[in-house]
Amino acid sequence: MINDLKPLFKWAGCKRKMLHKYAPIFEGVSFDNFVDLCGGTGITSVWVHKNYPNANILLNEYNVDIYNIYDQIKNNFEYFIYNVNLLESKYMSLTTKEERKSFYLNHRQTYHDTYNEKDVAEKTFVLFFLMSTNFNGIWQAKASTGIYYTPFGNGNEKTGIYNKKAMKDFKEMVDVAKIKHGSYEDVDVPENSLVFADPPYVSSFTQYDRRQSFKDVMQVQMAEYLKNHARKNYIAFCNKDHEMFYQIFKDFKFEHFNVKYTASSKDTEGAKAKEVLIHNFNHFME
């Protein structure tokens with residue numbers, strides 16, 4: 001069930017490779033609602049939908065352009081997938097990396113230059129194409145505008161630009177989920193929830209929004225938010241291992257995992273790092 005799950009699009013922070021490590025930790029936890037505060041590719045919500053089919057899912061994403069992908073798949077799927085497949089067909093007909101790169105860059109420039117003119121439906125399928133063929137799933141915005149401008153990837157796609165089963169799995173999940181665009185602190189958490197947070201990690205370059213990166217002060221704020229919700233709900237918080245979390249979550253359980261990152265970071269060990277999953281699954285906080 002876990003191994004065949006794939007992300008909807010490229011995303012540097014995707015949890016796909018961590019789900020088999022999380023599965024035994026989640027086992028036995030009972031909840032009515034799953035609240036995914038930082039949706040990303042939505043793969044954790046897909047996994048929950050498959051393994052906890054009776055749980056209500058609330059999928060939240062702060063980045064409005066990624067949220068629009070959720071919305072188009074949920075509410076305007078036929079138009080969205082028709083145009084994605086049309087772009088895929090044109091891209092896959094190109095035989096050299098240079099041709100594919102030119103195709104990508106032309107669409108990226110048009111997307112950027114017409115961002116404020118196109119309606120949501122028109123620009124969202126183009127963004128999905130770009131995010132499926134970009135470099136390492138990194139979200140990089142142009143500094144002067146804040147609009148997506150990630151470089152091209154390796155151009156070596158063999159069978160298509162996106163995984164068809166991943167699209168089907170996401171569609172099945174999002175059709176029954178509630179989706180929300182907003183910051184995590186504005187999410188209404190119902191009783192008996194498992195609140196899952198996977199923010200940009202400590203010392204990463206990832207932009208939480210168009211204004212700034214997810215700085216350490218935001219890490220502390222989110223941690224405190226989760227700690228408050230832990231009085232009545234289950235919480236799970238993913239991040240890079242960092243000393244600040246041990247003080248904030250001193251009564252919580254820490255699970256440690258050795259990982260390798262595909263994107264660069266400020267970590268002195270380069271691509272090697274240690275991640276933590278912080279949770280209260282054994283008990284609620286007093």
Intermediate values then yes/no, ring pair (Phe, Tyr, Trp, His ring centres under 6.0 Å), Phe34 and Tyr52: CA-CA 9 Å; Phe34 181 74; Tyr52 300 84; 8.3 Å; no
Are the aromatic ring centres of [X] and [Y] under 6.0 angstrom apart?
X: Phe237; Y: Phe252; value: no
X: Tyr62; Y: Tyr67; value: no
X: Tyr184; Y: Tyr225; value: yes
X: Tyr246; Y: Phe254; value: yes

Chi angles and distances behind the side-chain contact (heavy atoms from CB on, under 4.5 Å) call for Ile278, Ile248: CA-CA 11 Å; Ile278 306 167; Ile248 297 172; over 6 Å; no
Distance in Å, Lys250 NZ paired with Lys227 NZ, rounded so as to fall on 0.5 Å steps: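 Lys250 NZ to Lys227 NZ: 6.5 Å, rounded to 0.5 Å.
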Would you mind reporting whether [Y] and [X] have side-chain heavy atoms less than 4.5 Å apart?
X: Ile66; Y: Trp11; result: yes
X: Ile147; Y: Tyr111; result: yes
X: Cys238; Y: Phe196; result: yes
X: Met173; Y: Ile57; result: yes
X: Tyr91; Y: Ile161; result: yes
X: Ile43; Y: Leu19; result: yes

Using only atom types and a distance under 3.5 Å, with no angle test, would you say the side chain of [X] pairs donor to acceptor with the backbone of [Y]?
X: Thr114; Y: Thr110; answer: yes
X: Lys274; Y: Asn258; answer: no
X: Gln219; Y: Pro200; answer: yes
X: Ser89; Y: Asn85; answer: no
X: Asn136; Y: Lys10; answer: no
X: His112; Y: Arg108; answer: no
X: Asn33; Y: Glu191; answer: yes
X: Ser183; Y: Asp186; answer: no
X: Ser193; Y: Val195; answer: no
X: Glu61; Y: Gly40; answer: yes

Full working for side chain to side chain donor-acceptor pair (under 3.5 Å) between Gln109 and Tyr149: CA-CA 8 Å; Gln109 194 63 46; Tyr149 216 70; 2.4 Å; yes
Residue pair Glu275, Lys21: steps toward the salt bridge (charged side-chain N to carboxylate O under 4.0 Å, His left out) verdict: CA-CA 12 Å; Glu275 289 189 8; Lys21 299 179 180 181; over 6 Å; no
Contacts of type salt bridge (charged side-chain N to carboxylate O under 4.0 Å, His left out), residue Lys90, not counting sequence neighbours: none
With Lys97 via salt bridge (charged side-chain N to carboxylate O under 4.0 Å, His left out) - residues at least two apart: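 None.
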Ring pair (Phe, Tyr, Trp, His ring centres under 6.0 Å) evaluation trace for Phe128 with Tyr162: CA-CA 9 Å; Phe128 182 85; Tyr162 70 98; 5.7 Å; yes
CG (Asp188) with more than 12 external heavy atoms under 6.0 Å: no
Exceeds 12 heavy-atom contacts within 6.0 angstrom, atom NZ of Lys101: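 Counting other residues, nucleotides and ligands, NZ of Lys101 stays at 12 neighbours or fewer.
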Cation-pi, Tyr115 ring and Lys118 (6.0 angstrom, 45 degrees):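 No, Lys118 and Tyr115 do not form such a contact.
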Ring-face cation of Lys253 near Phe281 (centre distance under 6.0 Å, axis angle within 45°): no
Ion pair Lys165/Asp4, N-O distance below 4.0 Å: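 The answer is yes: the pair qualifies as a salt bridge.
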Residues Ile81, Met167; criterion side-chain contact (heavy atoms from CB on, under 4.5 Å); working and verdict: CA-CA 9 Å; Ile81 204 65; Met167 181 65 73; 3.8 Å; yes
Plane angle bin for Phe103 and His107 - parallel if under 30°, tilted between 30 and 60°, otherwise perpendicular: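 His107 and Phe103: tilted rings.
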Aromatic ring pairing Tyr104/Phe129, orientation class (parallel under 30°, perpendicular over 60°, tilted between): tilted
Distance-only side-chain donor-acceptor flag, Ser45 / Asp36, under 3.5 Å: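 Ser45 vs Asp36: donor-acceptor pair found between side chains.
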Any donor-acceptor N or O pair under 3.5 Å, side chains Glu99, Thr96: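 Judged by distance alone, the side chains do pair up.
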Verdict with reasoning, Phe152 to Phe135, per ring pair (Phe, Tyr, Trp, His ring centres under 6.0 Å): CA-CA 5 Å; Phe152 179 59; Phe135 174 71; 10.0 Å; no
Pairs where residues 153-163 contributes a residue and the test salt bridge (charged side-chain N to carboxylate O under 4.0 Å, His left out) is met, not counting sequence neighbours: Arg100-Glu157
Worked check of side-chain contact (heavy atoms from CB on, under 4.5 Å) between Trp139 and Asp65: CA-CA 11 Å; Trp139 183 276; Asp65 298 312; 4.0 Å; yes
Residue pair Val35, Asn60: steps toward the side-chain contact (heavy atoms from CB on, under 4.5 Å) verdict: CA-CA 8 Å; Val35 181; Asn60 181 69; over 6 Å; no
